Colleague: 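My structure is below; once you've seen it, I'll send some questions.
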Protein chains: 2
Amino acid sequence: MTAFTLASWNINSVRLRAPLVADWVSQADPDVLCLQEIKCQNEQFPEEAFREMGFRHFHVRGQKGMHGVAIASKFPLEDLGDEDLCPRAEARHQRVMVEGIELHNFYIPAGGDEPDPAINPRFAHKLGFLDRIEAYFKARAAENPPLVLVGDFNIAPYEHDVWSHKQLLKVVSHTPVETEALERIRQAGDFADVARELIPMDEKVYSWWSYRARDWKKANRGRRLDHIWAAPAVRERALAGGRDAFRIWEDVRGWEKPSDHAPVVLRIGG
Amino acid sequence: MTAFTLASWNINSVRLRAPLVADWVSQADPDVLCLQEIKCQNEQFPEEAFREMGFRHFHVRGQKGMHGVAIASKFPLEDLGDEDLCPRAEARHQRVMVEGIELHNFYIPAGGDEPDPAINPRFAHKLGFLDRIEAYFKARAAENPPLVLVGDFNIAPYEHDVWSHKQLLKVVSHTPVETEALERIRQAGDFADVARELIPMDEKVYSWWSYRARDWKKANRGRRLDHIWAAPAVRERALAGGRDAFRIWEDVRGWEKPSDHAPVVLRIGG
DNA sequence: GTCCTTGAAG
DNA sequence: CTTCAAGGAC
């Protein structure tokens with residue numbers, strides 16, 4: 001088990017942003033990079049560009065047009081087979097073994113605008129997906145597996161994970177029905193929410209800022225949608241580096257032609 | 001009447017290619033630049049970018065989505081009012097006075113695939129437009145006006161204006177019904193086809209290469225679709241500079257993200 | 001191939 | 001605001 005740097009980034013089209021990723025990788029030097037919303041088919045993944053960044057191992061689960069996840073790694077990846085946690089098989093989840101860790105990469109549905117599953121099928125899909133994730137990790141908890149879950153969960157769970165708790169309680173991503181479902185998953189696997197283990201609960205932390213805001217930085221109406229969670233079996237490795245081992249690269253949101261998400265990074269101990 | 005450099009370029013989206021135009025203008029330094037297929041509404045024309053290129057005078061006739069023509073000039077333009085030569089008012093024609101010349105900028109319809117007006121309304125539209133142009137300049141011939149006509153005529157009139165005369169006789173842009181209609185317009189105003197006045201008739205001359213060709217340069221299946229015509233009253237000014245005063249910038253077709261048309265330039269005498 | 005529009009999705 | 005997908009045009 002060597003130490004390594006794990007990153008998660010909703011890239012919002014990996015083909016369009018391979019050069020942006022290269023820029024960032026040259027600064028952040030992640031060993032294992034989990035991407036969401038790659039928005040391409042497997043064969044369209046720009047593997048060559050990633051090879052030039054130093055990645056040699058890939059696990060891509062894409063589809064045409066929407067969604068899609070991928071892992072690029074400098075360490076070998078062991079394919080564990082797909083569990084198909086997404087009820088609709090929309091290329092929203094993948095898992096691999098890497099350096100003794102069972103790594104799950106998620107792109108949980110955004111869920112549409114209306115936070116009512118009775119009238120919004122997208123929201124119902126999101127909640128159904130969350131239920132399935134909970135059942136899956138509940139069923140596996142007895143094994144005490146070395147799980148790390150990362151990705152764009154599309155939920156900002158805590159008060160200071162959004163710019164205004166009060167104003168967002170009825171906005172999809174921060175409604176009680178979502179944050180409670182996410183908390184049930186967390187408890188099902190006894191996962192540590194790494195960011196909140198390392199950063200005080202009353203400190204604002206965001207990883208996403210809407211494209212729609214005129215000045216994302218000035219308005220700073222962000223949300224923490226991107227997460228890294230560690231199961232008890234890897235809790236120590238995940239938290240070993242302390243506060244300095246964790247970083248959300250907020251500045252990247254201000255780069256040329258950015259994703260609306262910032263990359264989230266954790267140095268994991270050996 | 002000062003001498004000036006006149007250019008015509010089908011730019012295939014002026015918003016997308018304003019940087020390309022700036023690159024080219026910095027090399028070619030045209031005084032009056034006639035554009036076709038600007039593909040934007042008047043208020044969307046990137047005037048600021050053109051001001052930075054040194055143009056101070058504009059006459060834009062655009063519409064949403066398709067077609068559209070524009071003139072950017074370093075010399076004052078006098079608006080002559082629109083004649084609406086296009087039967088459908090599709091922003092395919094404009095005219096101005098500049099340095100003693102009545103300048104007409106045309107984007108004649110491509111005409112679709114099938115060269116039969118009975119079954120192809122696009123082709124019928126093209127022929128109808130040509131008829132109207134002929135009637136217009138016939139009616140004005142007696143004035144002996146100082147006319148210069150430029151633009152994308154979407155017709156390659158002569159044998160060596162296409163890569164294969166024989167193979168293109170049934171291809172829209174080089175069919176006899178089109179080349180004859182264009183010749184009637186030419187004769188109606190006794191226009192000089194500047195390129196062919198200066199370049200021998202048996203020399204291949206192209207201004208357009210399809211995007212569809214794998215290697216436009218190697219295949220070199222071009223067509224001369226872009227023209228500069230001078231009426232008798234300005235014939236001497238137009239031809240004063242001789243062969244060196246005329247240039248089609250073929251290389252520009254090979255630049256990054258090019259238009260499928262190359263810019264055509266004529267130095268006009270004072 | 002490349003562009004524009006529309007509509008869905010975020 | 002930004003992405004992708006159709007469909008139409010060239």
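Note that the structure is predicted; figures quoted are calculated from it, not measured. Hydrogens, waters and symmetry mates play no part in the numbers below; they use all other heavy atoms, side chains included. Proteins come first, then strands; the chains are lettered A, B, ... in the order of their sequence lines, and each starts at number 1.
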Colleague: I'd like to know if B/R184 and B/E180 make a salt bridge, using a cut-off of under 4.0 Å between side-chain N and carboxylate O.
Modeller: no
Colleague: Give the rounded distance in Å between these two atoms: CD of B/E256 and P of C/dT2.
Modeller: 10 Å
Colleague: Judged by each residue's nearest nucleotide on DNA chain D, which is more toward the 5′ side, A/M66 or A/A213?
Modeller: A/A213
Colleague: What is the distance, rounded to the nearest whole Å, between atom CG of A/N10 and atom C1' of D/dT3?
Modeller: 11 Å
Colleague: Report yes if a side-chain nitrogen or oxygen of B/S210 is closer than 4.0 Å to either non-bridging phosphate oxygen (OP1 or OP2) of C/dG1; otherwise report no.
Modeller: no
Colleague: Verify the contact: side-chain N or O of B/K39 to OP1 or OP2 of D/dC10, cut-off strictly under 4.0 Å; return yes or no.
Modeller: no
Colleague: Separation of A/L16 atom CG from D/dC4 atom P, in whole Å?
Modeller: 5 Å
Colleague: Within a reach of under 6.0 Å around NZ of B/K170, are more than 12 heavy atoms found that belong to other residues, nucleotides or ligands?
Modeller: no
Colleague: State whether B/R212 places a side-chain N or O below 4.0 Å from either non-bridging phosphate oxygen (OP1 or OP2) of C/dT2.
Modeller: no
Colleague: Does A/R223 count as lying over the ring of A/W208, i.e. NZ or CZ under 6.0 Å from the six-ring centre, within 45 degrees of the axis?
Modeller: no
Colleague: Provide, to the nearest angstrom, the distance between the CD1 atom belonging to B/I38 and the C1' atom belonging to C/dC4.
Modeller: 13 Å
Colleague: Over how many whole Å does the gap from A/Q41 atom CD to D/dC4 atom P extend?
Modeller: 13 Å
Colleague: Under the 3.5 angstrom rule, does the side chain of B/S207 hit a backbone N or O of B/D226 as a donor-acceptor pair?
Modeller: yes
Colleague: Check every strand shown and say whether B/R214 touches a base, only sugar-phosphate, or nothing at a heavy-atom separation below 4.0 Å.
Modeller: nothing
Colleague: If I take atom CZ in residue B/R92 and atom P in nucleotide D/dC10, what distance separates them, rounded to the nearest angstrom?
Modeller: 7 Å
Colleague: Rounded to whole angstroms, how far apart are CG on B/D260 and P on C/dT2?
Modeller: 10 Å
Colleague: Among C/dT5, C/dG10, C/dT2, which nucleotide sits nearest the side chain of A/Y211?
Modeller: C/dG10
Colleague: Indicate whether OP1 or OP2 belonging to D/dT3 is found under 4.0 Å from a side-chain N or O atom of A/R17.
Modeller: yes
Colleague: What nucleotide, of C/dA9, C/dC4, D/dG8, holds the atom closest to the side chain of B/S13?
Modeller: C/dC4
Colleague: Atom CD of B/Q44 and atom C1' of C/dT5: how far apart are they, to the nearest Å?
Modeller: 12 Å
Colleague: Tell me whether A/E183 is salt-bridged to A/R186, with the criterion being a basic N under 4.0 Å from an acidic carboxylate O.
Modeller: yes
Colleague: Taking 4.0 Å as the cut-off, does a side-chain nitrogen or oxygen of B/K64 come that near to OP1 or OP2 on C/dT6?
Modeller: yes
